[in-house]
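Okay, so here's the structure we're looking at.
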Amino acid sequence: VQLQACGGGLVQAGGSLRLSCAASGRPVSSYAVGWFRQAPGKEREFVAAITWSGVGKYYADSVKGRFTISRDGAKNTVYLQMNGLKPEDTAVYYCAAGAGISKNLRDYYYWGQGTQVTVSS
């Protein structure tokens, strides 16, 4: 499966962005999908994940209550709605697909190319 992440950009603190992860090759509903992010000089970290059914959702504590992950099977796309953005959310955001929902990036087989999110103070 190929993943294409988009929707990043420059936003002021407190603003919102919606990231999209479009899948091709196989239905994204076949996989759990996670969002990860990597800031300059830091390791890639877990942000949010959703089960193949869309029922189970996990969030990193740092984004809980501000970010929402969802999926649209008809569009073969997973979304990350990001509200109340903070400068510390600045990073390249990646989507990834794996067999089961996990916070561990090693559990994901397929990765998108990343989209830059920059939050100004």
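Hydrogens, waters and symmetry mates play no part in the numbers below; they use all other heavy atoms, side chains included.
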Looking at [atom1] of [X] and [atom2] of [Y], how far apart are the two atoms once the value is rounded to the nearest 0.5 Å?
| X | Y | atom1 | atom2 | answer |
| --- | --- | --- | --- | --- |
| Arg18 | Thr68 | CZ | OG1 | 11.5 Å |
| Gln38 | Glu45 | CD | CD | 9.5 Å |
| Ser121 | Gln12 | OG | CD | 9.5 Å |
| Arg71 | Lys57 | CZ | NZ | 10.0 Å |

How close do [X] and [Y] get, heavy atom to heavy atom, and via which atoms?
| X | Y | answer |
| --- | --- | --- |
| Leu105 | Trp111 | O-CZ2, 3.5 Å |
| Ala5 | Thr115 | O-CB, 4.2 Å |
| Ala97 | Tyr31 | CB-CB, 3.9 Å |
| Asn83 | Ser16 | OD1-OG, 2.9 Å |
| Ala32 | Gly100 | CB-C, 3.4 Å |

Check for me, please, whether [X] and [Y] land in the same ILVMFWY cluster - side-chain distances under 4.5 Å, paths through other members count.
| X | Y | result |
| --- | --- | --- |
| Leu85 | Val92 | no |
| Val119 | Met82 | yes |
| Tyr108 | Phe67 | no |
| Phe36 | Ile101 | yes |
| Val11 | Tyr79 | no |

Less than 4.5 Å apart, any side-chain heavy atom of Val78 and any of Trp35?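 Yes, their side chains come closer than 4.5 Å.
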
Enclosure of Lys75 NZ (heavy-atom neighbours >12, cutoff 6.0 Å):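 No, not enclosed.
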
Any donor-acceptor pair under 3.5 Å from Asn76 side chain to Ala23 backbone: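 Yes: the side chain of Asn76 pairs with the backbone of Ala23.
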
Holding to side chain to side chain donor-acceptor pair (under 3.5 Å), I want the full list of residues that pass it with Lys42, two or more places apart in sequence or in another chain.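 Side chain to side chain donor-acceptor pair (under 3.5 Å) check on Lys42 returns nothing, list empty.
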
Can you tell me which residue pairs pass the side chain to side chain donor-acceptor pair (under 3.5 Å) test with a partner in residues 89-102, sequence neighbours excluded?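 Residue pairs with at least one partner in residues 89-102: Arg37-Asp89, Arg37-Tyr93, Arg66-Asp89, Ser102-Asp107.
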
Measuring centre to centre across the rings, with the benzene-like ring taken for any Trp, is Phe46 within less than 6.0 Å of Tyr58?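 They do not qualify: ring centres at least 6.0 Å apart.
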
Sequence neighbours left out, what pairs pass disulfide (SG to SG under 2.5 Å) with at least one residue falling in residues 79-121?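 Listed once each, the pairs are Cys21-Cys95.
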
Go through Leu19 and Val117 one step at a time and tell me if the side-chain contact (heavy atoms from CB on, under 4.5 Å) criterion holds. CA-CA 9 Å; Leu19 305 184; Val117 171; 4.0 Å; yes

